[in-house]
Protein chains: 2
Amino acid sequence: MTVVSLQNISQSVCNECPVRKISLCDHVDNDTRTEMCRLLRTATFSRGQSIIMQGDTATTLGVVTSGVVKTVFMTEDGDTQVLGLLFPGDIVGRAFEAEMRFSYEAATDATLCTFNRRTFENLMSRSTSLEHGYLMTTLAQMDAMRSWTCLLRGRTARQRVAAYLLFRSATEDTADAYVETIGDRLVLNLRLSRVDLASLLDMTPETFCRCLHSLADQGAVHVCAPHLIEVLDDARLRDLAGPSLEGLVEDPQRAVG
Amino acid sequence: MTVVSLQNISQSVCNECPVRKISLCDHVDNDTRTEMCRLLRTATFSRGQSIIMQGDTATTLGVVTSGVVKTVFMTEDGDTQVLGLLFPGDIVGRAFEAEMRFSYEAATDATLCTFNRRTFENLMSRSTSLEHGYLMTTLAQMDAMRSWTCLLRGRTARQRVAAYLLFRSATEDTADAYVETIGDRLVLNLRLSRVDLASLLDMTPETFCRCLHSLADQGAVHVCAPHLIEVLDDARLRDLAGPSLEGLVEDPQRAVG
DNA sequence: GTGTAGAATTGTGCGCGATCAAAGCCTACC
DNA sequence: GGTAGGCTTTGATCGCGCACAATTCTACAC
């Protein structure tokens, strides 16, 4: 794990933590939190940087506090595919397993609250509330993965792009600011590159681009800038996204894949 | 939840349980297991029967003890897609959430060891080892889901079929007998219908059929009967399945999707 | 302003896989 | 034994989405 900036944090950091209420920490009792504050390190990663490498023996486990982290799988012939995204509050890494089957990379500039994996596991064995919090977060993450699967499968490329835009616009008001205001209009900030987004949605960047502009031609969205998308007609976009998005897009879930 | 056969079970059942060592029970301490034996009910489902319905408020949580269970998502326009499969030892249902976003259905005749969800949650809050077991199983299931995603994505239809056959032949020696012996040869029993398998692999039954016979034309497999597939040339099949199957197919993981 | 590298967009042909249609096959039930 | 209905297989056609390449746009340094 490459740590760019590393510093000790006083216990007060947890009190002003932006993701405390939406992460595993929400379940943790006071004694455990005090202990965690003593053990945690914050780490900053710049866009594109690797957090945990596929194949490595992971010694770290963390919680995203800002930015977007992508999970990336690299095939033996060097191709990479974006499996999913992690947002603030989601867990990076995996307890009780050292060897990583895929990588975690910063998809945007991101900050994490990290722990030594062994230390964290040890603390879990002593703190029921921490293990419970980890379980709850994991279950939520699994729900999100399953919803994501439903969202991708049986949809054409354009429907997937439309569905993703809806998903993003539905989570606009969570933790981080994914939406920018230009004048008085609400505009989505994709924040990820075309290459990453295309890989995430299982298509080529070219197809992604075509689909986006096809949605624009239909009057559903307006491409203000390559990464800034304004949703002009929510109903139209929902229509173009295909059936059964209700419940998949509108839930307060964060992680995908 | 439709329970076909329901009966009380004496404590001795756990001792001869076929999935005890590969399920959450493996982590549970003796006191908790005694309690669990008192609370559990076994249920039998015949192929095609619904175990938990999408949209229902689930009161049940269970462990697959034999057979294959499929997770199915139904779109609002009535289409269904198979999201994944659960094998013996996997968990059916979800603790701490009542409303089901998808259905669980018996893909073959199947038996489950079931609990009242509330009772199970209650027991977890009192038994650290049970919650730990649930966490470990959930993490393993999430790993499997991610592997499954890697297996499906970026592959052609024929590669997906080949990959699935490899996955099944690699798990041949787990819990249930997925393999039949015809004479002295080892033959895979698909056990699922073409329609289910095609849906699971995100293609039409027609395409699945074509791909299977294409693999046969290449000499990789032999279709003994619609549901009985003999793997003739493992290396050839691996070749036709595309890159990076190592680690995805060969792990002792059960659940997919 | 200018240069340059990287990202994003557009163009074109083609193969894969979906769709529709129909025939074979197996099983269950009468 | 016969028949009906399901599942499986095969055939023909068509459109989506991919590959590859060219072009335009953007960002950032100087």
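When reading the values below, keep in mind they use all heavy atoms of this one structure, side chains included, and skip hydrogens, waters and symmetry mates. Reminder, nothing fancy here: chain letters follow the sequence lines and each chain counts from 1.
- Separating the CZ atom of B:Arg158 from the P atom of C:dG17 is a distance of 9 Å, rounded to the nearest angstrom.
- Here the side chains of A:Leu86 and A:Lys70 are not in contact, with every heavy-atom distance at 4.5 Å or above.
- Comparing D:dT9, C:dA8, C:dG17 by their nearest atom to the side chain of B:His213 picks out D:dT9.
- Considering every non-hydrogen atom in both A:Leu212 and A:Val161, the closest pair reads CD1-CG1, 4.1 Å.
- Atoms CG (A:Leu192) and P (C:dA8) sit 10 Å apart, rounded to a whole Å.
- A side-chain donor from one of B:Tyr164 and B:Arg168 sits under 3.5 Å from a side-chain acceptor of the other.
- Looking only at side-chain heavy atoms (C-beta outward), A:Met145 and B:Met145 come within less than 4.5 Å of each other.
- Taking atom CG on B:Asp79 and atom P on C:dA18, their separation rounds to 14 Å, with Å as the unit.
- In this entry the distance linking CZ of B:Phe208 with C1' of D:dT10 reads 16 Å, nearest Å.
- Across the protein-nucleic acid pair, B:Arg155 atom CZ and C:dG17 atom C1' stand 17 Å apart, rounded to whole Å.
- Rounded to whole angstrom, the span from the NE2 atom of B:His227 across to the C1' atom of C:dC26 amounts to 11 Å.
- The base of D:dC20 sits within donor-acceptor range of the side chain of A:Glu206, with an N or O pair under 3.5 Å.
- For A:Thr156, counting side-chain heavy atoms from C-beta on, the closest listed nucleotide (C:dT9, D:dG17, C:dC16) is D:dG17.
- Across all strands shown, A:Asp196 has no heavy atoms under 4.0 Å from either base or sugar-phosphate atoms.
- The CG-C1' distance, from B:Leu212 to D:dC7, rounds to 15 Å in whole Å.
- B:Thr44 and B:Thr111 form no side-chain donor-acceptor contact under 3.5 Å, judged by distance and modelled atom types alone.
- Looking at heavy-atom distances under 4.0 Å, A:Thr204 makes contact with sugar-phosphate atoms alone, never a base.
- Nearest to the side chain of B:Thr207, among C:dG17, D:dC18, D:dT9, sits C:dG17.
- The shortest distance between the side-chain N/O atoms of A:Ser193 and the OP1/OP2 oxygens of C:dA7 is not below 4.0 Å.
- Between the side chain of A:Arg210 and the base of C:dG11 there is at least one donor-acceptor pair of N/O atoms closer than 3.5 Å.
- Taking atom CG on B:Leu190 and atom P on D:dT8, their separation rounds to 10 Å, with Å as the unit.
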